[in-house]
Amino acid sequence: MLVYTHPDHRLHDPAEPHRFGGVLLPPAETAARADRILSALTRLEAVDVACPPPVDERDLLLVHEPEYLEFLRTAHDRWRAATGAPADGEAVAYIRPLPGIPGRPPTHVDAQLGLYSNDVDPILEGTWPAALSAAASAVAAAGAVHGGHDAAYALSRPPGHHAGPATFGGYCYLNNTALAAAWLAARGARVAILDVDTHHGNGTQAVFWNRGDVLTISIHGDPEVHFPFFSGFPEERGDGAGSGANLNIPLPSGSRWPVYRSALEEAIGAVSSFGAEVLVVALGVDTHVTDGVLALTDEDYPLLGQALRSGLPTVIVQEGGYGEGVLEQAVPAVLAAFA
Ligand SMILES: [Zn+2]
């Protein structure tokens, strides 16, 4: 298995705690995640680890709005200039526009933090180069598959599937999975995305909502009671040319492997009916029982790896997964069984 990863991911390593459930918790999406995965992968046989070349920033426009990219690139410097914050300060939104109230596009960085984010994630001094490095891994993996490899894995972090065309959130800044898919679609491929992270791939859905050349499928915990709450329901099927090309399969909290396997079978059937020529898998392993949404166990991840073998060339992009011991066990188990 070809593995792409870039050390610049470490430039984005949030340290400030998040308030969750009434208490302050340390951040879950840290640089240690990718290092833990990589160290576990190097113990597998037939793993070929490579550092991707820099991403062509014009490719980011396949997925994101130019104003948003300019914001991400400059936000931390501008925030420091506006506030006097130190270099290791973490810029977080504290104001958002009132819905339905007319206003002009904001120019102040504090207002733009609220405009371009949809939760409480920070922008750090190194967020932009780290996000670029994650995108580079995804594009390199797509390029390898486009060039004839059966499969490639992008160990991208920060993750991407909650990033919309002009929003960051859910630990995601650039949508690596959407970028891999859009990059392949731009080269004429009919692409399906299968998101198996435990949370709805809301950013990916938003990117392709009006497109009929990329099928987006997400299997996730019921958004009525789980992040990202505002989307992920079965009635969301896409619009315009994309009508029917978005499939959400929400599962009840605590669903175990038999329920999950049925959802996977439905998803792979939809990939086949769509006539996809290449598959992009958004691989989150926060489906593990210890993450409290769905209830897969260590024994289920090899089965997941086998179930993802659709017969199509496949790009696998890392999304979520956090628990101590879970990343190290589940990611290698999926990739080994897939290969
Ligand atoms: Zn997730």
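Read the numbers this way: they start at 1 and go in the same order the structure lists the ligands and their atoms. Any value given below was found using the heavy atoms of this structure, including those in side chains, with hydrogens, waters and symmetry copies removed.
The nearest N, O or S atom of E319 is not closer to the Zn ion (ligand 1) than 2.8 Å. For residue H220, no N/O/S atom approaches the Zn ion (ligand 1) to within less than 2.8 Å. Note on D291: not counted as a metal contact of the Zn ion (ligand 1), no N/O/S atom lying under 2.8 Å.
Using the six-membered ring where Trp is involved, F168 and Y173 have ring planes that are parallel, under 30° apart on the 30 and 60° scheme.
Nearest N/O/S atom of H199 with respect to the Zn ion (ligand 1) is recorded as ND1. Residue-level check: among N/O/S atoms of D197, OD1 sits closest to the Zn ion (ligand 1). Distances from the Zn ion (ligand 1) to each N, O or S atom of D286 single out OD2 as the nearest.
Salt-bridge annotation for R10 and D35: present, with a side-chain N of the basic residue lying under 4.0 Å from a carboxylate O of the acidic one.
Considering only residues two or more places apart in sequence or on other chains, H146 meets the ring pair (Phe, Tyr, Trp, His ring centres under 6.0 Å) condition with W183.
Partner F227 forms a ring-ring contact (aromatic ring centres under 6.0 Å, His included) with one of H161, H162, H200 and no other, that one being H162.
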With a cut-off of 3.5 Å and sequence neighbours excluded, list every side-chain donor-acceptor pair involving residues 130-142.
from, atom 1, to, atom 2, distance (Å)
S133, OG, H9, N, 3.4
S133, OG, A130, O, 2.7
S137, OG, S133, O, 3.4

